[in-house]
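Here is the structure we will look at.
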Amino acid sequence: AQTVTQSQPEMSVQEAETVTLSCTYDTSENNYYLFWYKQPPSRQMILVIRQEAYKQQNATENRFSVNFQKAAKSFSLKISDSQLGDTAMYFCAFGETSGSRLTFGEGTQLTVNP
Amino acid sequence: DVKVTQSSRYLVKRTGEKVFLECVQDMDHENMFWYRQDPGLGLRLIYFSYDVKMKEKGDIPEGYSVSREKKERFSLILESASTNQTSMYLCATRGTGTGSSYEQYFGPGTRLTVT
């Protein structure tokens with residue numbers, strides 16, 4: 001069974017600064033997907049970024065980028081130029097390509113301070 | 001855009017009541033999921049369905065059942081609600097086939113309180 005670990009329950013950052021959220025996972029699969037989801041106070045889960053394990057290039061979406069280290073089974077999220085609207089719970093998730101389910105980490109509550 | 005709706009944002013029920021949580025999606029997705037979200041535990045999968053009338057247990061199915069009579073609707077049933085089922089419940093969907101991007105699309109969640 002896959003496991004996903006987010007070791008930082010809470011983090012804070014000043015507006016306009018950069019912050020990195022950590023995620024590690026454990027799997028015996030070679031092909032899989034990794035995701036970062038954001039859950040703001042409205043509770044709506046929103047996909048932030050997706051990484052396919054067979055792609056060596058790190059995914060980027062505007063101010064959001066990942067550092068995917070397949071051998072180390074690490075998948076961190078970097079948020080640049082943090083904005084107040086980035087305040088949310090962030091979840092890392094692992095998805096098998098052979099199935100449809102996702103396994104989620106415990107979540108990291110990020111607060112962006114003005 | 002995928003739209004996933006859940007029947008209630010907030011729900012308060014009494015211990016022992018039978019509770020129905022409904023989820024409807026408009027994107028013709030084959031796969032639908034029910035999770036519960038608790039602080040410090042992330043999202044845990046209760047049940048999922050990969051087709052009409054098909055279901056599979058997730059990681060924490062005890063005390064729950066599901067129904068999928070139509071492709072667009074997936075119901076979570078608490079047969080006899082207990083206080084330890086007080087939680088946030090999230091429904092999600094995912095498509096299959098070529099072009100599927102594997103991510104799941106979520107509803108707005110139902111915060112259930114059992115007293």
Side-chain angles (χ1 to χ4, degrees), chain A residues 1-10 21-27 29 31-55 59 61 64 66 75 88-109, chain B residues 1-6 8-11 23 29-51 54-61 68 74 87-112:
Chain A
Q2 277 70 231
T3 59
V4 179
T5 302
Q6 295 178 247
S7 58
Q8 305 151 315
E10 295 179 355
L21 309 184
S22 301
C23 173
T24 58
Y25 58 94
D26 189 24
T27 184
E29 303 281 333
N31 231 7
Y32 48 87
Y33 285 79
L34 294 163
F35 305 91
W36 279 99
Y37 279 89
K38 166 185 176 180
Q39 187 182 43
S42 68
R43 301 187 338 220
Q44 179 66 56
M45 292 277 279
I46 303 163
L47 178 69
V48 175
I49 200 164
R50 175 180 70 244
Q51 175 77 43
E52 294 143 353
Y54 65 88
K55 288 188 177 179
E61 286 287 342
F64 299 88
V66 299
F75 183 59
M89 182 73 82
Y90 287 80
F91 292 98
C92 177
F94 173 99
E96 306 164 352
T97 55
S98 56
S100 60
R101 57 181 295 167
L102 294 181
T103 301
F104 286 83
E106 304 91 338
T108 297
Q109 175 64 49
Chain B
D1 274 356
V2 176
K3 189 167 184 184
V4 183
T5 58
Q6 295 183 227
S8 305
R9 290 278 282 172
Y10 299 93
L11 207 54
C23 177
H29 282 176
E30 292 82 2
N31 302 285
M32 297 188 75
F33 308 83
W34 275 107
Y35 296 91
R36 66 176 280 175
Q37 180 182 355
D38 299 290
L41 298 177
L43 277 69
R44 293 179 292 165
L45 183 64
I46 304 171
Y47 267 97
F48 66 102
S49 168
Y50 51 90
D51 203 349
M54 306 302 288
K55 61 186 179 185
E56 283 200 26
K57 293 180 179 179
D59 299 320
I60 52 165
R68 193 157 179 210
F74 190 36
S87 187
M88 171 78 79
Y89 290 87
L90 292 169
C91 175
T93 74
R94 204 206 86 174
T96 54
T98 56
S100 171
S101 54
Y102 289 91
E103 67 250 37
Q104 293 183 8
Y105 299 84
F106 285 84
T110 295
R111 189 175 294 280
L112 173 67

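Residue numbers start from 1 in every chain, and the chains themselves are labelled A, B, ... in the order their sequence lines are given, proteins ahead of strands.
Between A/Tyr33 and B/Glu103, the closest side-chain pair of non-hydrogen atoms is not below 4.5 Å. B/Tyr35 is not listed as a side-chain neighbour of A/Met45, based on a closest heavy-atom distance of 4.5 Å or more.
When heavy atoms are compared at a cutoff of 4.5 Å, A/Ser42 approaches chain B solely by way of its backbone atoms N, CA, C and O. Contacts of B/Leu41 with chain A are made by backbone atoms alone, with heavy-atom separations under 4.5 Å and no side-chain atom involved. Residue contact with chain A, scored on non-hydrogen atoms closer than 4.5 Å, involves the backbone and the side chain of B/Arg111 alike. The part of B/Gln37 that comes within reach of chain A is its side chain, from C-beta onward, which places non-hydrogen atoms under 4.5 angstrom from that chain. Contacts of A/Leu47 with chain B are made by side-chain atoms alone, with heavy-atom separations under 4.5 Å and no backbone atom involved. Proximity to chain B (any heavy atom under 4.5 Å) is restricted, for A/Gln39, to the side chain, taken from C-beta onward.
Partners of A/Arg43 by salt bridge (Lys or Arg N to Asp or Glu O under 4.0 Å), not counting sequence neighbours: none found. Among residues two or more places apart in sequence or in another chain, the salt bridge (Lys or Arg N to Asp or Glu O under 4.0 Å) test is passed with B/Asp59 by A/Arg101.
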